[in-house]
Amino acid sequence: MRNTLGADVATGRRSQGTPGGGDAAETASPSSPRAVTRRRGRARARLEIAVLSGPAIIMFLTFVIFPVVLAAFYGFYRWKGYGAPTDWVGLGNYKLILTDPAFRQVLWHTFLILGLSLVVQGPLAVFLALLLNQKIRGRSVIRVLIFVPYVVSEVVVGTGWSLMLQTNGALNDLLQHIGLGSLRADWLSDPKLAIWTLMGIISWKYIGFAVILMLAGLQSIPDELFEAAQIDGASYWQIQRRITLPLLGPTVRIWAFLSIIGSLQLFDLVYIIWGPYISATAGTSTMAIYMVAQGRNAGNYGYGSAIAVVMFVISLVVALVYQRFVLRRDLQGAVTEGAA
C-alpha cells in the first residue's frame with residue numbers, strides 16, 4: 001500500500017515539475033509546430049533580405065568589383081584596348097608607374113588639392129553654417145544661392161569658368177574696366193596661379209554641399225544647451241567653441257571623409273578646363289587625369305588599367321586609415337546604439 005502511494009506521489013511530483021507534461025516534449029522536438037513556425041519565420045526573413053538587398057549587391061558586383069578585377073587583370077599586359085591581351089609584362093606597368101616622375105608630380109598635386117580642400121572649405125563651411133543658422137532676413141534665399149553651384153553639372157561649371165578666366169576673358173576685362181588692369185593675369189596657364197584658380201572653382205562648386213551638411217548638424221544640437229550656457233553667462237564665441245564645435249564634430253568628420261575621397265578622384269573639372277596636357281604644365285593634373293592621358297589617349301590600356309588599380313589602392317588605404325583613426329569613435333557609437 002505504501003509502495004503504491006509513494007509511486008502515485010512521485011508520479012504527481014513529476015507531473016507538477018513539468019507543466020504541460022507533453023507540451024515540453026513537444027516544444028523540444030524539432031518537428032513540433034512551434035519549431036516549424038520559427039524555421040519558417042527565419043526562412044521568410046532571409047528571403048526578404050535577399051530580395052531587398054539582392055539587386056544592390058548585383059549592381060555593386062557588376063559595376064564596382066568586376067571592373068576592379070578586370071583592371072587588375074589587364075594591368076599585367078601591354079594592351080591596345082581591343083582583342084585578347086597577349087603581351088604579358090607582369091609587374092612592368094606598376095614598376096613604370098612608381099618610377100615615373102610625372103606620376104609622382106600628379107600624386108603631389110592630388111594630395112595638395114586634398115589638403116587645400118579641407119583647409120579652405122571646412123572653416124568656410126562652418127562659418128557660413130553658423131551665419132545661416134541665425135534668424136536673419138533672406139536666410140532661405142541665401143541658402144539656395146549657396147547650394148545652387150553644387151547641383152550644376154561639372155560640364156557647365158568647367159565651360160563657364162574656362163571662358164571667364166581666359167587671357168581675354170570676362171575677369172580680365174572687368175579688372176581693366178575698373179582700373180585694376182595691373183591685376184590681369186593668365187589664371188589658367190600660369191603654374192603659380194593655376195592651382196589657386198582650381199581651388200577657387202572647387203570651393204565655389206562644392207561649398208554648398210558642406211554648408212548643408214553643417215546646417216543639418218547644427219539642427220541636431222538641442223537648444224537647451226545654448227540656453228543653459230547663456231544663463232551661465234557664456235559669450236557667443238564661448239558657446240560656439242565649447243558647445244557647437246565639439247557637438248558638430250561627427251558632421252565635420254563625415255564631410256572631411258567625403259571631401260578626401262572626392263579629391264582623390266578629381267577628374268571632370270580639371271579635364272574640362274585644362275585638358276589632359278595643359279594641366280600637367282599648369283600644375284593642376286591629378287591621378288585621374290594622368291590615367292586618361294597615359295592610358296586611353298596614348299592607346300596603352302594596360303598601363304591605364306594599372307594606374308586605375310594604383311588609384312583604387314591609394315583611395316582604399318586612405319579611407320581605411322581615416323576610418324580607423326578618425327571615424328572610430330563615431331562608428332563605435334553607432335554600433336553601440338544599434339546593439340542597445
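If you're wondering where the values come from, they're calculated on a predicted model, not measured in any experiment. Below, each value reflects all heavy atoms present in this structure, side chains not excepted, and no hydrogens, waters or symmetry copies.
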Atom pair CD1 (Ile212) and CH2 (Trp255), whose distance is rounded to the nearest 0.5 Å: 14.5 Å
Distance (rounded to the nearest 0.5 Å) between Ile307 CD1 and Met291 CE: 7.5 Å
Val157 side chain near Ile273 side chain, heavy-atom distance below 4.5 Å: no
Pairwise distance CG(Leu198) to CG(Leu165) - rounded to 0.5 angstrom: 11.0 Å
Interatomic spacing from NZ in Lys205 to CD1 in Ile201 - rounded to 0.5 Å: 11.5 Å
Modelled atom types, side-chain donor and acceptor of Asn133 and Gln219, under 3.5 Å: yes
Closest non-hydrogen atom pair, Ala293 against Asn297: O-CB, 3.5 Å
Side-chain donor or acceptor of Ser315 paired with backbone N/O of Phe312 under 3.5 Å: no
Smallest separation among heavy atoms of Leu188 and Ala194, with atom names: O-CB, 3.6 Å
Shortest non-hydrogen contact from Trp79 toward Ala84: NE1-C, 4.2 Å
Beyond-backbone contact of Met287 with Ile314, side-chain heavy atoms, under 4.5 angstrom: yes
Closest non-hydrogen atom pair, Glu154 against Ile272: O-CD1, 3.6 Å
Under the ring pair (Phe, Tyr, Trp, His ring centres under 6.0 Å) test, residues paired with Trp274 that sit two or more places apart: none
Closest contact, heavy atoms only, Leu248 versus Leu218: CD1-N, 3.8 Å
Atom of Asn93, atom of Tyr303 and distance for their closest heavy-atom approach: O-CE1, 3.5 Å
Qualifying residue, where the test is side chain to side chain contact (heavy atoms under 4.5 Å, CB included) with Ser305 and the options are Tyr77, Phe76, Tyr74: Tyr74
The single option from Asn168, Asp173, Leu171 passing side chain to side chain contact (heavy atoms under 4.5 Å, CB included) against Arg184: Asp173
Thr284 side chain near His109 side chain, heavy-atom distance below 4.5 Å: no
Short side-chain to backbone donor-acceptor contact, Ser203 and Gly200, under 3.5 Å: no
Arg242 CZ to Leu247 CG distance, which is reported to the nearest 0.5 Å: 13.0 Å
Side-chain touch Ile239/Gln230, heavy atoms, less than 4.5 angstrom: yes
Note, Leu264 side chain near Phe111 side chain (heavy atom, < 4.5 Å): yes
Steps toward ring pair (Phe, Tyr, Trp, His ring centres under 6.0 Å) verdict (Phe147, Tyr150): CA-CA 6 Å; Phe147 189 70; Tyr150 178 72; 5.6 Å; yes
Rounded distance [0.5 Å steps], CD1 in Ile146 versus CD1 in Ile142: 7.0 Å
Non-hydrogen side-chain atoms of Asp100 and Tyr290 separated by less than 4.5 Å: yes
